[in-house]
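Data block below; observations after.
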There are 2 protein chains.
Amino acid sequence: MAAKYLSIAQEIKQRILSQRYPATEPLPDQLALAAEFNTSRMTIQQAMRQLIVEGIIYARQGQGTFVRKNFRQLSQWDVAGSDYFGATETWRHLGEVTSQVIAFEVRFPDEKEQTSLLISADAPVYDFIRLRLVNGEPISLDMTVMPVALVPGFNKSHLESSVFRYVRETLGLKMMGSYRVVRACKPNARDREYLNCDETDPVLELEQVIYLEDGTPLEYAHCHYRYDHGGFVMVNNG
Amino acid sequence: MAAKYLSIAQEIKQRILSQRYPATEPLPDQLALAAEFNTSRMTIQQAMRQLIVEGIIYARQGQGTFVRKNFRQLSQWDVAGSDYFGATETWRHLGEVTSQVIAFEVRFPDEKEQTSLLISADAPVYDFIRLRLVNGEPISLDMTVMPVALVPGFNKSHLESSVFRYVRETLGLKMMGSYRVVRACKPNARDREYLNCDETDPVLELEQVIYLEDGTPLEYAHCHYRYDHGGFVMVNNG
DNA sequence: GAGTGGTCTAGACCACCAC
DNA sequence: TGGTGGTCTAGACCACTCT
């Protein structure tokens, strides 16, 4: 069974979405909610905290708790979320997503890769490049490096389906975080070839490290996106 | 006085940074910490939760609480933080930051601005453009639109110091969130003139809405950054 | 002063993991 | 089975805002 505070949060969220709690007035106070849900005020507060971090409500000492007038539906490439670029998911609504393996090799890591993945120079890594297309149009070119030791039994066929599903479901590893830098850069030869870029077309580059729940880096990747297919969305709630 | 759980979180963070709690073994358990800090376990948990959202530690039921092997020092343009681009703060360590007002006008908003700021077509807006330089080198060009009604007494002199300080300290408004999209684009005429861009130099564009604590949009801005001065850092902890 | 959310206590039971 | 973190209780006092 889910925790009580989570089901209360869920219920309150529903009431907000269904306008039963209108955005024009404060929510019932914590004592009233505690009575209604037959629980303690601490538990109500835990539910509230949940909704606060989700950006749905905010609370003011001495005033009350309010619905955000303007909490947005996330769209496009939701960075705040937690899908770790099973990019398929992200773009599915745009059309048919396909993937093409451009390269798949094993080699030793360079210095930058060693420090990013926290491995030594003689720990082999997989190095693969994938092109993603939506309705046949190239969208992104992903260059990924992954320590061999972390993914036993890994092979090229996993690239064609989902690397993350393999890691999660077969190996039982949980992805718990990412570190990303996004920048603009000029297209290199590979971008021009596979993303069909012109010399003057900028490229949106995402450099990322994805790590497991204990902080072990799982992959280090550079993803290049065509500049005309959107951007990254970042939401920040005080 | 700060809340007890915050000072405990601060103290534990110090112990982690000073290696007194090494990353190789779990932290003392919550009962032991409660005894040491002469408080209840709930309060210790609140301190822990604080450090968890900061990405410094993680907890596993049945195992213990651990220091993240790999929590990074944020750098450059820290998006996870909350400084809302008093860009001065962000770049101060790079050198002397100066600002130059390129334009300052009042006009009516276009359609996109109306929907972004949730105002009507006849609600006037300030429209200003600022160039930011570090050690005399142009870094970013910011084009901002702000509803006149929200910032009484606003004038050009505020642009030369800090708009946010004026809004916060003089008007007493609190900024509580932002919605941002970052993308790559080709330089326009203004970028080439002020950022000293070549035709083929990409530009990193940040489109953002910053809103007040009740969800009222305060400003809608487009910030253009030279591509060779870094990128945006995004950290995500599961 | 009344009413709100923020914090804190001193316990309790449960879920999960390692041994 | 023992030890860990996760949740929960039924109160309490404090800080803040509004009237």
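Given the structure is predicted, the values throughout are model-derived calculations rather than measurements. Naming convention: chains lettered A, B, ... in sequence-line order (proteins, then strands); numbering from 1 in each chain.
Comparing atom distances between the B/K4 side chain and each of C/dC8, C/dT7, D/dG6 picks out C/dC8 as nearest. The side chain of A/D29 approaches C/dG5 more closely than any other nucleotide in the set C/dG5, C/dA10, D/dT4. Nearest nucleotide to the side chain of A/Q30, out of D/dT4, D/dC8, C/dG5: C/dG5. Here C/dG6 is the nucleotide among C/dT7, D/dG5, C/dG6 with the atom lying nearest to any side-chain atom of A/Q61. You'll find that the side chain of B/Y5 is closest to C/dT7, out of C/dT7, C/dG5, D/dT7.
No side-chain donor-acceptor contact under 3.5 Å links A/Q45 and A/Y5.
Note on ring orientation: taking the six-membered ring where Trp is involved, the planes of A/F154 and A/H158 are parallel (angle under 30°, cut-offs 30° and 60°). Ring-plane geometry between B/F104 and B/Y126 is classed as parallel, the angle between the planes falling under 30 degrees on a 0 to 90 degree scale with a further cut at 60.
The distance between atom CD of A/E25 and atom P of D/dC18, rounded to the nearest whole Å, is 17 Å. The distance between atom CZ of A/F37 and atom P of D/dT7, rounded to the nearest whole Å, is 18 Å. The nearest whole Å value for the distance from the CD atom in A/Q50 to the P atom in D/dC8 is 12 Å. Going from atom CE of A/M48 over to atom P of C/dT4 covers 12 Å, rounded to whole Å. For A/I44 and C/dG6, the CD1 to P distance is 13 Å, given to the nearest whole Å. The CG-P distance, from B/L6 to C/dG6, rounds to 13 Å in whole Å. Nucleotide D/dG3 holds its P atom 14 Å from the CZ atom of B/R41, rounded to whole Å. A/M42 places its CE atom 16 Å from the P atom of D/dA12, with the value rounded to the nearest Å.
Proximity of a side-chain donor or acceptor of B/Q114 to a complementary backbone N or O of B/P109 within less than 3.5 Å is detected.
Summary of the strand contacts: A/Q63 and A/N38 both lie near DNA chain D, and taking for each the nucleotide with the nearest heavy atom, the more 5' one is attributed to A/N38. Nucleotides of DNA chain C nearest to B/T39 and A/T65 differ in position, and the one nearer the 5' end is that of A/T65.
Annotation: A/N38, atom CG; neighbour count of heavy atoms from other residues, nucleotides and ligands within 6.0 Å does not exceed 12.
For C/dC19, there is no paired base (Watson-Crick or G-U wobble, both distances below 3.5 Å).
Between the side chain of A/R60 and the base of C/dG6, no donor-acceptor pair of N or O atoms lies under 3.5 Å.
Regarding contacts with the backbone of D/dT9, a side-chain N or O of A/T43 is found under 4.0 angstrom from either OP1 or OP2.
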